[in-house]
There are 2 protein chains.
Amino acid sequence: MAETGGKKRKNSLPTIYDIAELAGVNPSTVSRALNNPGRINAVTEAKIKDAAKKLNYHVNPFARALPTGKTKMIACIVADITNPMFFDAVRGAEAQASDLGYTLVIAESQESSSLEAATVERIMPSVDGVVLVTSRLEDAEVKEIASRKPVVLMNRRIDGLADVVADISAGIEQAVRHLKELGHESVAYLSGPSTSWMSKHRWQLIFDSAVKQGLKVVEIGPNEPVVDGGKASVDLVLASGVSAVIAYNDLIAIGLMSGLAERGVSVPSQLSIIGFDDIFGSDLTTPALTTIKSPLESAGKLAVQALLADIEDHDAEQALETAKRLAGHLVMRASTAAKK
Amino acid sequence: MAETGGKKRKNSLPTIYDIAELAGVNPSTVSRALNNPGRINAVTEAKIKDAAKKLNYHVNPFARALPTGKTKMIACIVADITNPMFFDAVRGAEAQASDLGYTLVIAESQESSSLEAATVERIMPSVDGVVLVTSRLEDAEVKEIASRKPVVLMNRRIDGLADVVADISAGIEQAVRHLKELGHESVAYLSGPSTSWMSKHRWQLIFDSAVKQGLKVVEIGPNEPVVDGGKASVDLVLASGVSAVIAYNDLIAIGLMSGLAERGVSVPSQLSIIGFDDIFGSDLTTPALTTIKSPLESAGKLAVQALLADIEDHDAEQALETAKRLAGHLVMRASTAAKK
DNA sequence: GACCTTTTGGCAATCGGTTGACAAAATAAA
DNA sequence: TTTATTTTGTCAACCGATTGCCAAAAGGTC
């Protein structure tokens, strides 16, 4: 019969007191030798480190966190963990965090702002800082959180807070021009959740760009940012009479394509579709999805870099500056074609 | 009445000492009232809870962890966080963990057993238990870990340890029979990493089933369990002369399909392909991928249930029994066809 | 009212590190 | 050699909660 784990976890782990005894010094000397290299005589330090190695010592993060308040953990809160978009972001964040000796805690808010608030509340005491990826909270709530611990936003911008938002204006410009060049005269934007800053942001840029290029443009939404959300909007899209659609994200775009296929509307000959993010799978659809990619893995990395800079009182500007130079661009595939 | 020198400390978070002062009781009484309902007189308890609410008190998890050794955190270690297969598993795990008041720490081992060992070492002191999803460690290493803290395995089985492995024998049986009925006489198994228990397991079942049904069967591998891994195996597959392939996972299957498309080999008319897992995107390919699905979200849930049962000294058997009844089945789509 | 239980709540030790203050030792300067 | 300075390591007070032990208070019984 399978027993979960072993039950003999009585063996207390080695402590600095054990090391102190073995090395014949005071525990506080051990602490200094380990955390404050140079503060202690080199030979004593070496002796202590040897003892630590011999005992296979690992600092107890909780004992350390108590007096210092530093936990060496950071949280990453995402709206929907199954959206492939997050995985690139999370991977970047995780890699950067563990590179710098931090542990990443992940929590999902399931697209609910109240759940997000509760999650933040629960996790805050355990971490040194938080990366909010696509937060659904209100500005004031986010600011309140940021007043307690360092916070970096991804895919959202709030005055006075650090953020990592790839510049997609060029990508959108390309996309709209692309549609224009294909002879389209009208575009619809299939928006995301009404609480999504990024959805509004994209709409704004698309609107501006479309107007500038003389295209008619409408917003259709809000839509749930999942495949079914796109599928559900088929009727509205068809009724709007547009010949091209830009969706808030690839998931919606994919859902729309599949809904259209069921209706016998062919893409791209009858309707051109462009998504956002270039998630896994967006090149697998038929036709392959044209999409505006944003560099999510780098964004995740930079968000963590900036967060840790803030936490450790370094200069966060560098990471944030680099982040400003992140840019999205159009990935041309097969879901767009000339209007006929 | 003794004046307790109620001078406010730094603007730090409220502690049980603040509550004690406000409620006019001893800190230990506060601790008991909060964690041990019933141990304390009802009216005192209510008074304490009121005070706690008024101060917006939240227990400091680190201060608690120190004497108890319980952190209310569990870790989930995955081989490759960008493999969509993990999305569902992680989502199930996260949901179940936060439901039960635990926080999920996620770490990625990047398919490297040494990195996995280091990661485990780093995270172990911070958590009450570990879910190893597709571990690449050796049995002995895993056992050593399990001797220190509760461990539950997903997608792997080691004697004496708790595991959650969906029963895919029926699904494989269906798949092989399906191929047989389509007139195929030979199958190749595109295996995964050589350190993957699950890859061996699948090969074993496929082999047995194929032999039983009188099909010729070969193993081609190991392959990296990513899209490029599948793409890279095209030559070997074509050279083997089989008319059907079962891949270790959907990613490899998808890669193979795309590699074949580049070679002008058409699926399924010239080669039938079956994957494993039914990940996001596997229904988006052309042709849509026939695959053996396993219930990953439930598996993630059950793994956490079993782990927490062990941690909290309940009975883990129930969750493990339920897990034994998880079964995978064939999802028939369009990547298989009659041999011609 | 005396005696015995059971509740209830306080005291103080403890978990494992960190760190300011300070003494002892070593080194440099006078 | 004496004094000033720096280096090195010790002491002890925390950090915030938990918990065994014990005494005071309350409730029951005869």
Side-chain angles (χ1 to χ4, degrees), chain A residues 9-49 51-52 55-73 124-126 128 312, chain B residues 1-2 4-5 7-49 51-52 55-73 124-126 128 312:
Chain A
R9 63 197 86 119
K10 185 72 207 94
N11 47 349
S12 40
L13 298 164
T15 70
I16 56 168
Y17 299 93
D18 300 321
I19 298 177
E21 196 178 352
L22 186 61
V25 298
N26 190 282
S28 57
T29 306
V30 174
S31 174
R32 290 206 167 89
L34 264 26
N35 307 311
N36 222 328
R39 169 73 171 74
I40 293 293
N41 181 309
V43 305
T44 314
E45 191 177 314
K47 196 164 53 177
I48 290 175
K49 285 187 171 160
L55 294 175
N56 189 28
Y57 169 80
H58 289 287
V59 60
N60 177 328
F62 298 93
R64 166 177 286 169
L66 200 42
T68 61
K70 295 297 174 191
T71 70
K72 290 275 185 176
M73 295 200 283
M124 278 282 279
S126 306
D128 293 340
E312 299 183 341
Chain B
M1 185 167 293
T4 1
K7 194 76 181 222
K8 258 289 183 272
R9 263 187 313 288
K10 298 186 253 186
N11 44 350
S12 59
L13 297 166
T15 70
I16 56 169
Y17 300 93
D18 299 322
I19 298 178
E21 197 178 350
L22 187 61
V25 297
N26 190 282
S28 58
T29 307
V30 174
S31 174
R32 290 201 171 93
L34 263 27
N35 307 311
N36 222 327
R39 170 71 171 75
I40 292 294
N41 181 308
V43 306
T44 314
E45 190 176 315
K47 196 164 54 175
I48 290 174
K49 285 188 170 161
L55 294 174
N56 189 29
Y57 169 80
H58 290 286
V59 60
N60 177 327
F62 299 93
R64 166 177 286 166
L66 200 42
T68 62
K70 295 295 175 191
T71 70
K72 290 275 185 175
M73 295 200 283
M124 280 280 280
S126 306
D128 293 339
E312 299 184 341

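Naming convention: chains lettered A, B, ... in sequence-line order (proteins, then strands); numbering from 1 in each chain. All heavy atoms count here, side chains included; hydrogens, waters and symmetry mates do not.
- Between the P atom of C:dG17 and the CZ atom of A:R64 lies a distance of 9 Å, rounded to the nearest Å.
- Residue contacts shown for B:V59 are limited to sugar-phosphate atoms, with no base heavy atom under 4.0 Å away.
- Between the CD atom of B:E21 and the C1' atom of C:dG10 there is a distance of 16 Å, given to the nearest Å.
- In this entry the distance linking OH of B:Y57 with P of D:dG16 reads 10 Å, nearest Å.
- The 12-atom threshold is exceeded at CD of A:E312, counting heavy atoms of other residues, nucleotides or ligands nearer than 6.0 Å.
- Out of D:dT19, C:dT19, C:dG16, the shortest distance to the side chain of A:S31 is found at C:dT19.
- Here C:dT19 presents its C1' atom at 11 Å from CG of A:N35, a figure rounded to the nearest Å.
- B:T68 comes within 4.0 angstrom of the backbone, heavy atoms only, and of no base.
- Across all strands shown, A:Y17 has heavy atoms under 4.0 Å from base atoms, whether or not it also approaches the sugar-phosphate.
- Counting only heavy atoms from C-beta on, B:L66 has its side chain closest to C:dG16 among C:dG16, C:dT18, D:dA17.
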Quick test: give all pairs of protein nitrogen or oxygen and nucleotides 6-10 of chain D nitrogen or oxygen below 3.5 Å, distance rounded to 0.1 Å.
{"residue": "D:dG9", "atom": "OP1", "partner": "A:T44", "partner atom": "OG1", "Å": "2.5"}
{"residue": "D:dG9", "atom": "OP2", "partner": "A:N41", "partner atom": "N", "Å": "3.2"}
{"residue": "D:dG9", "atom": "N7", "partner": "A:R39", "partner atom": "NH1", "Å": "3.2"}
{"residue": "D:dG9", "atom": "O6", "partner": "A:R39", "partner atom": "NH2", "Å": "2.7"}
{"residue": "D:dT10", "atom": "OP2", "partner": "A:N26", "partner atom": "N", "Å": "2.8"}
{"residue": "D:dT10", "atom": "OP2", "partner": "A:T29", "partner atom": "OG1", "Å": "2.6"}
{"residue": "D:dT10", "atom": "O4", "partner": "A:R32", "partner atom": "NH1", "Å": "2.7"}

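- One can place NE2 of B:H58 at 12 Å from P of D:dA17, the figure rounded to the nearest angstrom.
- With A:I48 as the fixed residue, the side-chain contact (heavy atoms from CB on, under 4.5 Å) test singles out one of A:I16, A:L22, A:L34: A:L34.
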